[in-house]
Amino acid sequence: MVDTVRVRFAPSPTGALHIGGGHTALFNWLWARHTGGKFILRIEDTDRERSTQEYEETIMSGMRWLGLDWDEGPDTGGPYAPYRQSERLSLYRETADRLLREGKAYREGEAVIFKVPQGVSLAFDDVVYGQIQMLSDTLKDIVMIKSDGMPTYNYAAVVDDHAMEISHVIRGEDHISNTPKQLALYDALGWERPVFAHLPMILGKDKKKLSKRHGATSVYEYRDMGYMPDSVFNFLALLGWSPGDDLEIFSREEAAQMFDLSRVIKKPSVFDMDKLNHINQEHLKKLPPCERLALVEPFWREMGLPIDSHPREYLEASLTLLAGRGQTAREAAAYSDYFLDFGPVKERYESIEADGAQLEVLRRFNSELLALPEWNAEAMETFSREWSAANGVKMKDLAMPLRLCLTGMKVSPGVFEVAEHLGVREVRRRLEHYGVLQA
RNA sequence: GGUCCCAUCGUCCAGUGGUCCAGGACACAGCCCUUUCAAGGCUGCGACACGGGUUCGAACCCCGUUGGGACCGCCA
C-alpha cells in the first residue's frame, strides 16, 4: 500500500510556467515536503505540435525561481525514469496492446480507443471536494493512442501515475471532470487508484479563469516586475489555503510545516494584485541589506545608474534608508535613484521655485547647514529646528526645497538622513547647481 | 445543451450546531506620529445570495431557487 507520499507536477511544455501551474506545483511541493515524501516533475510532451525544449526549460527555471525543488525529474533522473512522456512510448504501447487483447479497446484508423463500459458508477472520494460520482453512460469512448502514435493526456497520466507509484494526484479543479474517465481506465487495467485532491481555480478580477486577458500570467513576469519569489510563493500558498490562524506572512519552510491538504478550501479565488503587493512589501522589509541589494540592483542597472562607482555598503545603506518605501524591487529602485546619481534629479527638476526673498533665506540656511562641524542627520535636525525658530521660518519651508534639490522629488526618506548619506560634498554640489548657496 | 463543481465583507482567508448582532488580512476612509511620502499605532466602512425545512438552537445539516465556474478535442 501507499506508505510514502509521492506527488507529481506534470506540465506540458507548451508555454511558460503559469500562475495557475505554479499554484498547482506549489501545493504538490507543500504536500511532499510536509509529509517527507517525494516531489516528481514529469513532462507531458505528447503534443508534438506545441511542445518545445525551450518551454520545458522555462518551466523548470520558473519552478526553481519559486523555490520548488523536485526529487525526480527529466534533468535529475530517478528510479522511475524516464520522466518525459515522449520517452515512455513503449510503455503506453504495451499497455494499450493489453487492453486491445482483452477486448477493452478497439482500433479506429491508427488510433487506439478505450471502450467505456456502460452502466457503471464512477465515484471517488476527493480529499478537498468530497464524494464525487458520475455515471459512465455520460462518457464517450476515450482515445488512448492518437493516430500519430502518441498517447493522450487522460491515458498517459493514468499509465504514468501508476508506473511511478504516485500516491496523491493533486491538480486543478478543471480536472475533476477528467477524473471519471481515468477511473474507468484504472478499473479496466485492474490498477489501484491514487488519492485525488483537486485544487480550487484561480480567477481573474472578472471571476473568469485566469488567462492572458488578465495581464501578467507567467511567473517570470512577476520576477521582472520586481516581486520576490518568496512573496509570490507566499501569496500563491494563500490562495485556497490558510494555516488556520491569522498568520499570513511566512516562509516556504514554515508553509511546508503547517500545510495540510485537508485545509484546502473549495471556493475558487480571485487573484488580487493589492494583496501581492502588500505581501511583497512585507518580505522586502524582512530582507537583510545585502539580499535586498541583490534584488534591486538589476533594476538600477536597467535604469542606467552608475552602480559600480559606489561601494556596496553605500548602496545597501541607501536601500535601508528607504525603510518600507516601495512595494516592489522595481519601485525601490525608482525611489532611490538620486543616491546613485545627480542626473535623474536634474531631469525631474530644472530649478526650484522660490522668489527673491525666499531664495535669500534658503541660501543663508543651506550655507550654514553645510558649515556644520558635524555632518550627521541628528545635528542637522537640531540645527534646523533652532534656525527655523530663530528666523521665524517653518521647518517645512526649509526641508522641502532642500529635498527637492537633493532628490528631485517631493517625497523621500527624512531629508537630513538623505543629506548625511549623500555626503557633504555631494550635497554642496547639488545645492550649488540650483544656486541656493551664498556666493 | 449535457455532466460536474462552487456560494461568508469589494478581495484573500477564519468559522465545521450554541462561546458569531460573525474574526483577521488587503484595499478604502479618518485620526495620531511628522520636514514630505512611506512605515508604525488607533478608529471606521463592510459579508453569512435567496426561500423552505431539520433542530430547543443554523453561517455551519438537508432540499429547492438564483448566481458563478469548469469540463464535454486524436490539447493537456
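By convention in this document, chain letters (A, B, ...) are assigned in the order of the sequence lines, proteins followed by strands, and residues within each chain are numbered from 1. Note: hydrogens, waters and symmetry copies are ignored here, and every other heavy atom, side chains too, is used. None of these values were measured; they are calculated from a predicted model.
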Nearest atoms (heavy-atom pairs only) where A:L362 meets A:P401: CD1-CB, 3.7 Å
Of the listed nucleotides B:A39, B:A25, B:C6, the one nearest the side chain of A:Q281: B:A39
Distance in angstrom units between A:K266 NZ and B:U8 P, rounded: 12 Å
Paired nucleotide for B:C60 [Watson-Crick or G-U wobble; both distances under 3.5 Å]: none
Atom-pair distance (CE on A:M273; P on B:C12), nearest Å: 16 Å
Sugar-phosphate, base or nothing in reach of A:E49, heavy atoms under 4.0 Å: nothing
Proximity to the side chain of A:M134 - top-ranked nucleotide from B:C13, B:C4, B:A25: B:C4
Sugar-phosphate, base or nothing in reach of A:L402, heavy atoms under 4.0 Å: nothing
Interatomic distance at P, B:C60 relative to B:U55, whole Å: 16 Å
Polar side chain donor-acceptor pair, A:H175 to A:N178, under 3.5 angstrom: yes
Could you list all N or O pairs between the protein and nucleotides 33-35 of chain B that sit under 3.5 Å apart?
{"residue": "B:U35", "atom": "OP1", "partner": "A:R385", "partner atom": "NH1", "Å": "2.8"}
{"residue": "B:U35", "atom": "OP1", "partner": "A:R385", "partner atom": "NH2", "Å": "2.5"}
{"residue": "B:U35", "atom": "O2", "partner": "A:R403", "partner atom": "NH1", "Å": "3.4"}
{"residue": "B:U35", "atom": "O2", "partner": "A:R403", "partner atom": "NH2", "Å": "3.0"}

Euclidean distance for C1', B:A49 against B:G68 (whole angstrom): 11 Å
B:U54 - base-pair partner by Watson-Crick or wobble geometry, distances under 3.5 Å: none
B:C62 and B:C71, which share atom name P, separated by this distance in whole Å: 27 Å
Any side-chain donor near an acceptor of the partner, A:W241 and A:D260, under 3.5 Å: no
Residue-phosphate contact under 4.0 Å: A:R263 side-chain N/O, B:C13 OP1/OP2: no
Polar contact flag, side-chain donor to acceptor under 3.5 angstrom, A:D45-A:S86: yes
Minimum side-chain heavy-atom gap A:I19-A:L236 below 4.5 Å: yes
Heavy-atom donor-acceptor pair, A:K275 side-chain to B:A27 base, under 3.5 Å: no
Value in whole Å for how far the C1' atom of B:C6 lies from OH of A:Y129: 7 Å
Distance below 4.0 Å between A:K285 side-chain N/O and B:G40 OP1 or OP2: yes
Length of the CG-C1' vector between A:L236 and B:C26, whole Å: 16 Å
Base paired to B:A29 (Watson-Crick or G-U; both N/O distances under 3.5 angstrom): B:U43
Under 3.5 Å side-chain donor-acceptor pair for A:T179 and A:R171: yes
Which nucleotide in B:C4, B:G24, B:C6 has an atom nearest any side-chain atom of A:I132: B:C4
Selection from B:G40, B:G15, B:G24 that lies nearest to any side-chain heavy atom of A:E248: B:G24
A:L203 CG to B:G67 C1', straight-line distance once rounded to whole Å: 14 Å
A:Y83-A:D75 side chain donor-acceptor pair, cut-off 3.5 Å: no
B:U3 - base-pair partner by Watson-Crick or wobble geometry, distances under 3.5 Å: B:A70
B:A27 and B:G40, which share atom name P, separated by this distance in whole Å: 9 Å
Residue pair A:E72 / A:Y80, side-chain donor-acceptor N/O under 3.5 Å: no
For residues 127-139 of chain A, which side-chain donor-acceptor pairs fall under 3.5 Å, sequence neighbours excluded?
{"residue": "A:Y129", "atom": "OH", "partner": "A:K266", "partner atom": "O", "Å": "3.0"}
{"residue": "A:S136", "atom": "OG", "partner": "A:P117", "partner atom": "O", "Å": "2.7"}
{"residue": "A:S136", "atom": "OG", "partner": "A:G119", "partner atom": "N", "Å": "3.3"}
{"residue": "A:S136", "atom": "OG", "partner": "A:V120", "partner atom": "N", "Å": "2.9"}
{"residue": "A:S136", "atom": "OG", "partner": "A:V120", "partner atom": "O", "Å": "3.2"}
{"residue": "A:D137", "atom": "OD1", "partner": "A:G119", "partner atom": "N", "Å": "2.8"}
{"residue": "A:T138", "atom": "OG1", "partner": "A:L135", "partner atom": "O", "Å": "2.8"}

No-hydrogen, no-angle side-chain donor-acceptor test under 3.5 Å, A:Y153 and A:S12: no
Spacing of the P atoms in B:C56 and B:C20 (rounded, Å): 23 Å
Nearest-Å distance for atom pair CG/P, residues A:D246 and B:C12: 17 Å
Nucleotide opposite B:U16 in a Watson-Crick or G-U pair, distances under 3.5 Å: none
Residue list, ring-ring contact (aromatic ring centres under 6.0 Å, His included) with A:H23, at least two apart or on another chain: A:F27
Identified side-chain hydrogen bond (donor to acceptor under 3.5 Å, both in side chains) counterpart of A:D161 within the set A:Q182, A:R42, A:R6: A:R42
Nearest-Å distance once atom C1' is located in both B:C21 and B:G46: 15 Å
B:C13 to B:A22 separation - C1' atoms, rounded to the nearest Å: 14 Å
Residue A:R325, side-chain atoms from C-beta onward, closest of B:A14, B:C5, B:C37: B:C37
All N/O pairs under 3.5 Å across the protein-nucleotides 60-64 of chain B interface:
none

B/S/- contact track for nucleotides 70-76 of chain B, protein heavy atom under 4.0 Å: SSSSBBB
No-hydrogen, no-angle side-chain donor-acceptor test under 3.5 Å, A:D126 and A:H198: yes
Whole-Å distance separating the NE2 atom of A:H278 from the C1' atom of B:G24: 12 Å
Nucleotide forming a Watson-Crick or wobble pair with B:U35, both distances under 3.5 Å: none
Partner residues of A:F271 under the ring-ring contact (aromatic ring centres under 6.0 Å, His included) criterion, sequence neighbours left out: A:Y222, A:F235
Whole-Å gap separating P (B:A39) and CG (A:L319): 17 Å
Sugar-phosphate only, base, or nothing, as touched by A:K267 at under 4.0 Å among non-hydrogen atoms: sugar-phosphate
Touch class at under 4.0 angstrom, heavy-atom based, for A:R171 against every strand present: nothing
A:D47/A:R50 under salt bridge (charged side-chain N to carboxylate O under 4.0 Å, His left out): CA gap, chis, key distance, verdict: CA-CA 6 Å; A:D47 184 336; A:R50 301 191 299 147; 3.0 Å; yes
